[in-house]
Amino acid sequence: MKSPETQTLGSGGNGNKGPIHIGNSDIFFDRELSWVDFNKRVLEEATDPENPLLERLKFLCITESNLDEFYMVRVAGLRNILAEGNDEKSLNGQRASEILTDLSNKVRNFVNVQYETLTHTLEQMKENGIHLILNPDELNKNEIEDIKHYYKEDVSPILTPLSIDPSHPFPHILNKSLNLAIVLTADDEKTGLKKDLFAVVQVPSVLPRFLQLKGEGKTRRFFPLEEIIKLHVDDLFYGMTVKEVYPFRILRDADISIDEEASVKDLLITMKKEIRNRIWGDAVRMDIYEGTSSFVRNTLKELMELQDHEIFDVSSILNISDTMYFYGLEHTSKFKYTFFQQKTTLKFESPEKIFEAIKKKDRLLHHPYQSFGAIEDLLRISSEDPKVLGIKMTLYRTSGDSPIIQYLGQAAENGKQVTVLVELKARFDEERNIKWAQKLEERGVHVVYGVVGLKIHSKMLLIVRREEEHLVRYVHLGTGNYNSTTSKYYTDLSFFTVNKEITEDVSTIFNTITSYAKMPFLHKLAASPHNLKTVFLALIEKETENAKAGKPARIIFKMNSLVDPHIILAMYNASRAGVIIELIIRGICCLKPGLPGISENITVISIVGRFLEHTRIYYFLSGGEESIFLASADCMPRNFERRIEVLFPILDAKNKDRIKKILDVQIRDNVKARLLSSDGIYRKRERVEGEKPVDSQIERMNFTE
């Protein structure tokens, strides 16, 4: 097989010519700009009147949380690249400096739409009895008195006004915290003349962002904490005159970068140190209220060492994500999606029954439509079953109160050999992972803290059980995290098997991770960084050869992101050979579909809906034999090169049919699906007259398993 870098495109069906190689910037989208387009699709859900009111608010909050993390990691990374003097090119040919400029422009437009959406949403909430008051003039006398009392008793004691002058240097502003910039006037003791002073007050995060006001009637009224402070800010600066008060917030570089080779002796200690250092990252963005005076704006800009393009003016309250508070209000169910009851497909009382069910046939669960509880039940039963001798598990992210942690600790205390591979570098979950990993160690679990140079992203559970005169391995593999909370909102697939070759491969991978051994031959699985990318390229090449031989050829990939250039080039060549390629990609996509003579046989859809599409499914027609794989990995360089990932086959015919059914309904989605064009624009499918609406997520709720 030719190296992807050297593959070129001959004459296409229309006579066009053009090279298919990494250096051709015309055939790739940039990953960062593509991500912004993904967040825009989430924002579109916040404006869709078909979604319930508070669900639209939730989507809006998600867009800000997404954007914050994007700036703290991806944009911060681009800034660091430039600071090192490396203005490298992206796949689309733009340099890092150019990408940053384009990002700034796209994000500025995006933020404007965010706030237009917020204004409209708050108006609709008010019409439905939830009123967020942003103008103090709308308060009545009783409310003003109540606010004054609340300020005196609950707010004032924990406020700390910080003046800024030569004897009081600028304080460290916490990442994502809400602050008030204040301009004061005071008499100069030496000259007797008036002089302006600058101060900052952090809005306390330990208090509720919104105060519910007492009142009669059906409308519930709320007032923001920062506005409460503004009403009484004079009390903080006795003898001075407050001239201006403006809210602002900053985002800091929050990515953790460590020299793992140097930290190999104690990665845990290094991670703890880096987490503490995260709060000192450089500012990468600032949000301020539009109308902020040029004096305050320029002062903050200078103190934060920011450029103009890194400052965003907003038209309403800062920290939109705080408005998720209203989603949790009581008596608001009519403004949310109707209640969804998960199906409990696998639930057994005794060890014999649950293990017998897995031995009988391979089991496949589709979350969130089917409950995650089966995995927790399996661990609970295994922790108590005297026949279970050992448990091995990878944990990348899990919920804070997860029973999984309890069951693993219980298993160790019951004398079982328990090994847990904990990924300390799971972004923004590092501190949580450290805490519960140490608790596991205290209970006798053998904890492996990551692997030098790699992230453990695979989702694997291995249970070794003595049955009669021999040992039997039971395995669970998944496309999503062992997290009971997110399993209610993320679509994922869980797979249980006793297949000898698969369970032996899983055991081999565990042993390879925990030792210095190199990866030996695997029977059924592929793993990164060992051979996952090679396997993908070989499977695509096989489908390409089938098409060239005149056989029907088809590829369907469902994943979160497609970035790897070699996979993209292989798909272009497959498309040109006649392979029909259907890509269901929720987020980033660097492949351009519909290019004449290059990707005319490739379609890309993105589905953003009630649930986060998280499943990774890889389908190949394989000359009619139909090969289907599930994986923990997307097609991204980091998944192939810097993570431990696992690709595993689905062998049972009925399970294959179930997965094909999932893919089919997503491909037919004409409600939430958006089609990507070669111009980079995602457009919702237009239904022809009389065509039945197909919302793939709703359809899957009604699947019979």
With the threshold set at 4.0 Å, does a side-chain nitrogen-carboxylate oxygen contact exist between [X] and [Y]?
X      : Y      : answer
Lys230 : Glu227 : yes
Glu226 : Arg209 : yes
Asp37  : Lys40  : no
Lys243 : Asp196 : yes
Glu613 : Arg700 : yes
Arg79  : Glu310 : yes

Legend entry - Flag for Thr615-Asp492: side-chain donor and acceptor within less than 3.5 Å: no
Legend entry - Steps toward side chain to side chain donor-acceptor pair (under 3.5 Å) verdict (Glu244, Ser293): CA-CA 8 Å; Glu244 301 172 3; Ser293 69; 2.8 Å; yes
Against the six-membered ring of [Y], is [X] placed for a cation-pi contact (under 6.0 Å from the centre, within 45° of the normal)?
X      : Y      : answer
Lys343 : Tyr369 : no
Arg674 : Tyr682 : no
Lys106 : Phe70  : no

Inset, instruction - Would you confirm whether the ring centroid of Phe335 sits within less than 6.0 angstrom of the ring centroid of Phe326? - result: no
Legend entry - Beyond-backbone contact of Ile317 with Asp322, side-chain heavy atoms, under 4.5 angstrom: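 With C-beta onward as the side chain, the pair stays apart.
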Legend entry - Ile158 and Leu207, any side-chain heavy atoms less than 4.5 Å apart: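 Touching, per the 4.5 Å side-chain cut-off.
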Inset, instruction - Any chance you could lay out the ring pair (Phe, Tyr, Trp, His ring centres under 6.0 Å) test for Phe312 and Tyr115, step after step, and finish with the verdict? - result: CA-CA 12 Å; Phe312 291 79; Tyr115 275 87; over 10 Å; no
Legend entry - Exceeds 12 heavy-atom contacts within 6.0 angstrom, atom NE2 of His309: yes
Legend entry - More than 12 heavy atoms of other groups within 6.0 Å of Lys684 NZ: yes
Inset, instruction - Please say which of Gln697, Glu45, Glu44 ends up in a side-chain hydrogen bond (donor to acceptor under 3.5 Å, both in side chains) with Lys672. - result: Glu45
